[in-house]
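Scroll down for the structure; my scribbles are underneath it.
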Amino acid sequence: MKRVRKAVFPVAGLGTRFLPATKAVPKEMLTVVDRPVIQYVVDEAREAGIEHFIFVTGRNKAVIEDHFDIQFELNHTLAQRGKDDQLAKLQRLQPLAGQTSFTRQQEPLGLGHAVWCARELVGDEPFALLLPDMIMQSSKSCMKEMVELYEATGGNIVAVQECDPAEAHKYGIVGRGEDTHNGFRITSMVEKPKPGTAPSNLYINGRYILQPEIFSILENQERGAGNEIQLTDGMLKLEKSQGFYGYHYQGRTFDCGSPEGFVEANVAFALARPDFSAKMADVIAGLLDEKAKAKLRSVS
């Protein structure tokens, strides 16, 4: 069994739900507290033992590449001013030379197409796939737990979480089979099932470990929903010849691809920070109190 050493991050999306903020700034570079969204996702992969970070980019995404590069002028200035803590923080987040690769998705043809664009960089190895819109908050990284499951089972691993059964038709849903190690065998996968037909309420939350055979499937994959090449369609074909296992993630997931999820992530991560929590709790309590008083005034 080959070890999972590489991770793919599809970052070519336009971020139209965040306009005008994303007119010049990639949505992946919007900050949650004091770090870009993409940094949280890369840190999750690094905690799982990933050694090679592959970004599938598009036009106007060069700032992502700059973010993961060394900025000599900044480092020199911090060193000259004695800001050793800040300099050390930057250096801890810095990938080593040769650990990052960037390739282009010239057209927005869907997640399956974005994954296929990374085929030459991944090669004949299993790889992690992390959707950069989704950031996780838990004591142990979601991807690290998935790698442990992969090392016990092989095959393909998909992270899932529970949703309201009435909302299952909005997601990719998996069927749950027998438990194995820290996960379970997946018996079926359905993309946006019709209401009342979902095999469970476990939805795919944006973290995968996939075998390289997915690339040959995606290369010939017909366009599906939204006239795009859908990853789920490719996984359904791969499922016929390879095992799929689910990891039931118990932490919190924030969809930073939506303004509501992005704001929620900022609040949650700020409250989790020892240096922010007390102040932010007071600020939030004050704002809620003002809102409640304003509501009472409008009623009266």
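Scope of the values below: all heavy atoms of this structure, side chains included, with no hydrogens, waters or symmetry mates. Predicted model only: the values in this text are computed from it and were never measured.
One finds no salt bridge joining Glu44 and Lys140 here, because no Lys/Arg side-chain nitrogen approaches an Asp/Glu carboxylate oxygen to under 4.0 Å. Ion pairing between a basic and an acidic side chain is recognised when a charged N comes within 4.0 Å of a carboxylate O; Glu145 and Arg207 show no such pairing. Salt bridge status for Asp34 with Arg273: present, with a side-chain N to carboxylate O gap under 4.0 Å. Glu28 and Lys61 are joined by a salt bridge, as a carboxylate oxygen and a charged side-chain nitrogen come within less than 4.0 angstrom of each other. Between Arg185 and Glu178, at least one side-chain N (NZ, or NE/NH1/NH2) sits under 4.0 Å from a carboxylate O, which counts as a salt bridge. Of the charged side-chain nitrogens involved, at least one lies within less than 4.0 Å of a carboxylate oxygen, so that Arg5 and Glu51 count as a salt-bridged pair.
A donor-acceptor pair under 3.5 Å is absent between the side-chain atoms of Lys192 and the main chain of Lys170, judged by distance alone. Of the possible polar contacts, one joining the Thr187 side chain to the Gly175 backbone as a donor-acceptor pair under 3.5 Å is found. Judged by distance alone, the side chain of Thr22 and the main-chain N or O of Gly15 form a donor-acceptor pair under 3.5 Å.
The number of heavy atoms from other shown groups lying within 6.0 Å of CG (Asn60) does not exceed 12. Annotation: Asp85, atom CG; neighbour count of heavy atoms from other residues, nucleotides and ligands within 6.0 Å does not exceed 12. For Lys23, the NZ atom sits in a loose shell: 12 or fewer heavy atoms of surrounding residues, nucleotides or ligands are nearer than 6.0 Å.
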Distance-only donor-acceptor pairs under 3.5 Å for side chains of residues 281-294, two or more places apart:
{"from": "Asp289", "atom 1": "OD2", "to": "Lys293", "atom 2": "NZ", "distance (Å)": "3.2"}

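Taking the six-membered ring where the residue is Trp, the centroids of Phe254 and Phe269 are separated by under 6.0 Å. For Phe55 and Phe68, the ring centers sit closer than 6.0 Å to each other. Ring pair Phe127/Phe215: centre-to-centre distance below 6.0 Å.
By the 30° and 60° cut-offs, the orientation of the rings of Phe262 relative to Phe18 is perpendicular.
Residues satisfying the ring-ring contact (aromatic ring centres under 6.0 Å, His included) criterion with Tyr171, sequence neighbours excluded, are Tyr203.
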Intermediate values then yes/no, side-chain hydrogen bond (donor to acceptor under 3.5 Å, both in side chains), Tyr245 and Thr180: CA-CA 9 Å; Tyr245 300 88; Thr180 175; over 6 Å; no

